[in-house]
Amino acid sequence: MRIDIVSIFPEFFSVLDVSLVGKARQKGLVSTSVTDLRDFTYDVHRTVDDSPYGGGAGMVMKPEPWGEAIDSIIGDETSAVLVVPSPAGEPFTQAIARELAAEEHLVFACGRYEGIDQRVMDHFGSRIRVRPLSLGDYVLNGGEVATMAFIEAITRLIPGMVGNPESLVEESHEDGLLEYPSYTKPQLWRELEVPEVLRSGNHAAIAAWRREQQIERTKAIRPDLLPE
């Protein structure tokens, strides 16, 4: 998979060299490149924003540098997907992460201030697929943090990324429920004991217990995930 990121803070993404994403880059499973949006400005102040039409608080990111930056990345390509982190976007889910993990080229547009001029999404929506995605029902200072979360969630689903592929199957949200609680040694810690069923060796009983725990945890924390 090819991943391109456009941001006014390219240094933010130095962390891509570590953890699983860094290892995936070394293996050739993922290639990443970060483009500085200010490289596509032509005034002495390297301006990327201006006041909004119609008035209002804050500033809006100008379309010209965004257009040139994305043009430089995709050229005539039509298969890339432009992902725009935005609190006004579609809620990001595990299902969307799995869908995007099958793509060959993702371009992340990290907006700032009051967002990116809408014409950028409208224009590129006529050339490639555009996916405005929301990390959650809250507002961040910019798209960089959300982009890192998206990249983590997406790339770990690429075959060969995670050492034990079976660990992906039992995670939260993979089957619509939250993951069951996990335990390891020692058996007794601060007067809290590992549930007896997990020490029984009875795999059917363990599977049943884990399923029950998934349902109970989901009911308590995320009842909206349960069928009516």
Side-chain angles (χ1 to χ4, degrees), residues 1 3 15 19-21 24 81-103 106 108-112 114-116 121 125 129-159 161-228:
M1 174 185 284
I3 294 175
V15 294
S19 189
L20 286 176
V21 178
V81 179
L82 178 63
V83 179
V84 184
S86 168
E90 178 185 5
F92 183 67
T93 64
Q94 186 73 5
I96 292 176
R98 190 166 290 283
E99 178 185 337
L100 293 177
E103 299 291 345
L106 300 178
F108 291 89
C110 300
R112 284 262 155 181
E114 295 302 309
I116 303 170
M121 277 69 76
R129 284 167 292 163
V130 178
R131 295 291 299 267
L133 294 175
S134 172
L135 189 60
D137 294 335
Y138 46 85
V139 179
L140 299 171
N141 289 331
E144 286 77 13
V145 169
T147 291
M148 278 303 309
F150 295 156
I151 290 173
E152 285 264 340
I154 293 165
T155 56
R156 66 193 308 276
L157 298 175
I158 297 173
M161 268 290 282
V162 176
N164 182 6
E166 292 183 7
S167 66
L168 299 176
V169 177
E170 298 182 349
E171 292 180 325
S172 292
H173 305 293
E174 279 297 330
D175 62 354
L177 299 174
L178 301 185
E179 191 175 4
Y180 52 77
S182 299
Y183 300 84
T184 187
K185 297 179 179 63
Q187 179 179 322
L188 183 67
W189 178 76
R190 297 189 180 182
E191 300 183 2
L192 296 171
E193 193 166 21
V194 174
E196 184 178 353
V197 65
L198 297 179
R199 298 180 276 116
S200 68
N202 185 331
H203 297 294
I206 291 172
W209 179 87
R210 285 175 169 169
R211 185 65 177 180
E212 180 183 350
Q213 291 295 309
Q214 281 188 283
I215 295 171
E216 291 302 315
R217 176 178 276 188
T218 304
K219 187 185 300 182
I221 300 173
R222 290 291 306 277
D224 57 295
L225 296 177
L226 292 171
E228 293 184 6

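Computation of the quantities below employed the complete heavy-atom set of this structure, encompassing side-chain atoms and omitting hydrogens, waters and symmetry-equivalent molecules.
Counting only residues at least two apart or in different chains, side chain to side chain donor-acceptor pair (under 3.5 Å) contacts with residues 138-151 comprise Ser7-Glu144, Arg112-Glu144. For residues 182-195, the pairs satisfying salt bridge (charged side-chain N to carboxylate O under 4.0 Å, His left out) are Glu193-Arg199, with sequence neighbours left out.
Scored by the salt bridge (Lys or Arg N to Asp or Glu O under 4.0 Å) test, Asp224 finds Arg222 as partners (sequence neighbours excluded). By the salt bridge (Lys or Arg N to Asp or Glu O under 4.0 Å) test, Glu212 pairs with no residue at all, sequence neighbours left out. Glu90 meets the side chain to side chain donor-acceptor pair (under 3.5 Å) test with Arg131; sequence neighbours excluded. Listed by chain and residue number, Val60 satisfy the side-chain contact (heavy atoms from CB on, under 4.5 Å) test with Glu114 (two or more places apart in sequence, or in another chain). Residues satisfying the side-chain contact (heavy atoms from CB on, under 4.5 Å) test with Ser134, not counting sequence neighbours, are none. Ala24 is linked by a side-chain contact (heavy atoms from CB on, under 4.5 Å) to Leu29, Val30, Met161, counting only residues two or more places apart in sequence or in another chain. Among residues two or more places apart in sequence or in another chain, the ring pair (Phe, Tyr, Trp, His ring centres under 6.0 Å) test is passed with Phe108 by none. Residues meeting the salt bridge (Lys or Arg N to Asp or Glu O under 4.0 Å) test with Glu152, sequence neighbours left out: none. With sequence neighbours excluded, the residues that form a side-chain contact (heavy atoms from CB on, under 4.5 Å) with Ile221 are Leu178, Arg217.
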Stepwise side-chain contact (heavy atoms from CB on, under 4.5 Å) test for Val21 and Ile3: CA-CA 11 Å; Val21 178; Ile3 294 175; over 6 Å; no

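For the pair Ala109 and Ile116, the tightest heavy-atom approach, listed with the atom from each and the gap, is CB-CD1, 4.2 Å. Here the closest non-hydrogen pair linking Ala101 and Ile154 is CB-O, 3.5 Å. Nearest heavy-atom pair, Tyr180 versus Gln213, reported as atom, atom and distance to 0.1 Å: CB-CB, 4.1 Å. In this structure, Ile206 and Val197 approach most closely via the heavy-atom pair CG1-O, 3.3 Å. Across all their heavy atoms, Ile96 and Pro91 have their closest contact at CD1-O, 3.4 Å. Smallest separation of non-hydrogen atoms from Leu157 and Ala97: CD1-C, 3.7 Å.
With contacts defined as side-chain heavy-atom distances shorter than 4.5 Å, the pair Trp189/Val194 does not qualify. Annotation: side chain of Tyr183 is not in contact with side chain of Leu192 (no heavy-atom distance under 4.5 Å).
Taken to the nearest 0.5 Å, the CG atom of Leu177 stands 4.5 Å off from the OG1 atom of Thr218. The line from CE of Met148 to CG of Leu135 is 12.0 Å long, rounded to the nearest 0.5 Å. Of the inter-residue distances, the one linking Met1 atom CE with Leu106 atom CG reads 4.5 Å to the nearest 0.5 angstrom. Separation of atoms NZ (Lys219) and CG (Leu225) is listed at 13.5 Å; rounding is to 0.5 Å. Taken to the nearest 0.5 Å, the CD1 atom of Ile158 stands 10.5 Å off from the CG atom of Leu100.
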